[in-house]
Amino acid sequence: MKSVTSLMELRTILERYRRDQLTVGLVPTMGALHDGHLSLIAKAKEIADIAVVSIFVNPTQFGAGEDFQAYPRDTQRDSQLAAGANTDVLFIPTAQEVYPSGFATTISVAGLTEPLEGQQRGAAHFNGVTTVVAKLLNMTSPDVLLMGQKDAQQAIVVGRMIKDLDLTVRLEVCPTVRELDGLALSSRNTYLTSDERSQAVALYKALQAAQSAVSGGEIDGVKVLTTALTAMEPFGVVPEYLSLVCPQTLNAVSVIDRPTLLAVAAVVGSTRLIDNVTLIPRS
Ligand code: PAF
């Protein structure tokens, strides 16, 4: 695995691969790699010749009072994990490389960024994500961009940006990887105390309860949401949002008569967690 910090080195290496007609998959991350990231890298190696992993804790997507300073950073551990997952190129740019002085451009996707995470974290969050992802795409020029379904809205917003800006990359959204009890893997899980870790499964329990109601034939959105909320209660976790939305438009859904995204966010202790599932109505 080659590890690089400058854009010049990255481009030099990638040009060589391109000359050999090798395809490139990009897995953008903020580090603190876990099995979810490793599954994205494995998929990148499956569908492209070369896996590029970027690690950049992007300051512009953190709001005031969020965990930018506290976000786990361990480059040595991440490098070992990335190498073990057969990453070809690990790109760890400095903030100066990504945002040189005078940087003044923001990419903003309207509409899709407003509900759910946009409502809780503010418009700046997704502006930060889309701007940095656009930059990483331009830096890497990958054939495929791999992102996780756990951040469903992020993937939908990035998909919109790719379409709207005629970017040639293909977006591959990969399934959420879960702990044995169902908790979605997230770098932020490391913040949880052991009591909070037991409570954190509440999000998955809510999704699971909704899923079994819908597979049992329930299509009434209010009933499904009530079932999901009830499943969270014993854990003492109250969601910031628990919403049924259209997986394409993110508009609210009240009747689950087609595949519907159930998205949940909750603060457990002081850790903000998100999760989602696509509910498929019984045919
Ligand atoms: O999902 C993440 O880790 C980040 O939002 C991303 C896509 C790497 C952009 O900073």
Side-chain angles (χ1 to χ4, degrees), residues 5 7 10 25-41 43-44 51-63 66-75 77-78 81-82 85 87 89-95 97-99 103 105-109 112-113 116-118 120-140 142 144-162 165 167 169-177 184-191 263 265 271-276:
T5 56
L7 177 55
L10 178 71
L26 170 66
V27 180
T29 82
M30 298 205 299
L33 301 184
H34 50 65
D35 283 349
H37 297 116
L38 302 187
S39 76
L40 296 177
I41 302 171
K43 187 70 184 179
V52 177
V53 175
S54 64
I55 296 181
F56 180 62
V57 185
N58 175 35
T60 64
Q61 70 187 76
F62 289 82
E66 290 189 1
D67 56 342
F68 174 65
Q69 298 298 343
Y71 202 83
R73 291 164 173 87
D74 188 342
T75 307
R77 178 182 170 277
D78 284 344
L81 287 171
T87 299
V89 184
L90 183 61
F91 178 46
I92 313 181
T94 60
E97 189 75 83
V98 180
Y99 301 117
F103 187 87
T105 301
T106 300
I107 293 183
S108 178
V109 174
L112 290 172
T113 53
L116 309 174
E117 289 300 283
Q120 297 298 325
R121 302 185 69 179
H125 166 64
F126 281 119
N127 291 347
V129 171
T130 43
T131 304
V132 83
V133 171
K135 286 209 58 143
L136 291 165
L137 288 173
N138 284 333
M139 288 168 156
T140 314
V144 193
L145 169 68
L146 296 103
M147 301 187 93
Q149 173 63 25
K150 195 200 63 110
D151 296 292
Q153 188 177 11
Q154 168 172 279
I156 292 165
V157 167
V158 167
R160 185 76 247 169
M161 172 185 77
I162 289 172
L165 298 183
L167 304 181
V169 70
R170 178 166 75 77
L171 175 62
E172 178 85 16
V173 182
C174 302
T176 302
V177 178
L185 295 196
S186 161
S187 303
R188 291 189 166 98
N189 291 352
T190 56
Y191 299 150
T271 306
R272 192 167 179 281
L273 301 173
I274 61 172
D275 202 348
N276 68 86

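One-based numbering along the sequence shown. We count ligands from 1, going down the list as the structure has it; atoms in each ligand are counted the same way. The shown structure was predicted, so the numbers you read here are calculated from the model rather than taken from an experiment.
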For Ile162 and Leu145, run side-chain contact (heavy atoms from CB on, under 4.5 Å): C-alpha distance rounded to whole Å, both residues' side-chain angles, the deciding distance at 0.1 Å, then the answer.
-> CA-CA 10 Å; Ile162 289 172; Leu145 169 68; 4.1 Å; yes

Taken in chain and number order and not counting sequence neighbours, the residues that satisfy side-chain hydrogen bond (donor to acceptor under 3.5 Å, both in side chains) with Gln153 are none

Residue set satisfying side-chain hydrogen bond (donor to acceptor under 3.5 Å, both in side chains) with Arg77, at least two apart, ordered chain then number -> none

Show me a pair-per-line table, with atom names and distances to 0.1 Å, of protein N or O atoms that are under 3.5 Å from an N or O of ligand 1.
residue	atom	partner	partner atom	Å
ligand 1	1 (O)	Gln154	NE2	2.8
ligand 1	5 (O)	Gln61	NE2	2.9
ligand 1	5 (O)	Gln154	OE1	2.7
ligand 1	10 (O)	Gln61	OE1	2.6

What one should report as the nearest heavy-atom pair of Val169 and Pro142 is CG2-O, 3.5 Å

Residue set satisfying side-chain hydrogen bond (donor to acceptor under 3.5 Å, both in side chains) with Ser108, at least two apart, ordered chain then number -> Asn127

Closest heavy-atom pair, Phe91 versus Thr5, reported as atoms and distance to 0.1 Å, is CE1-O, 3.8 Å

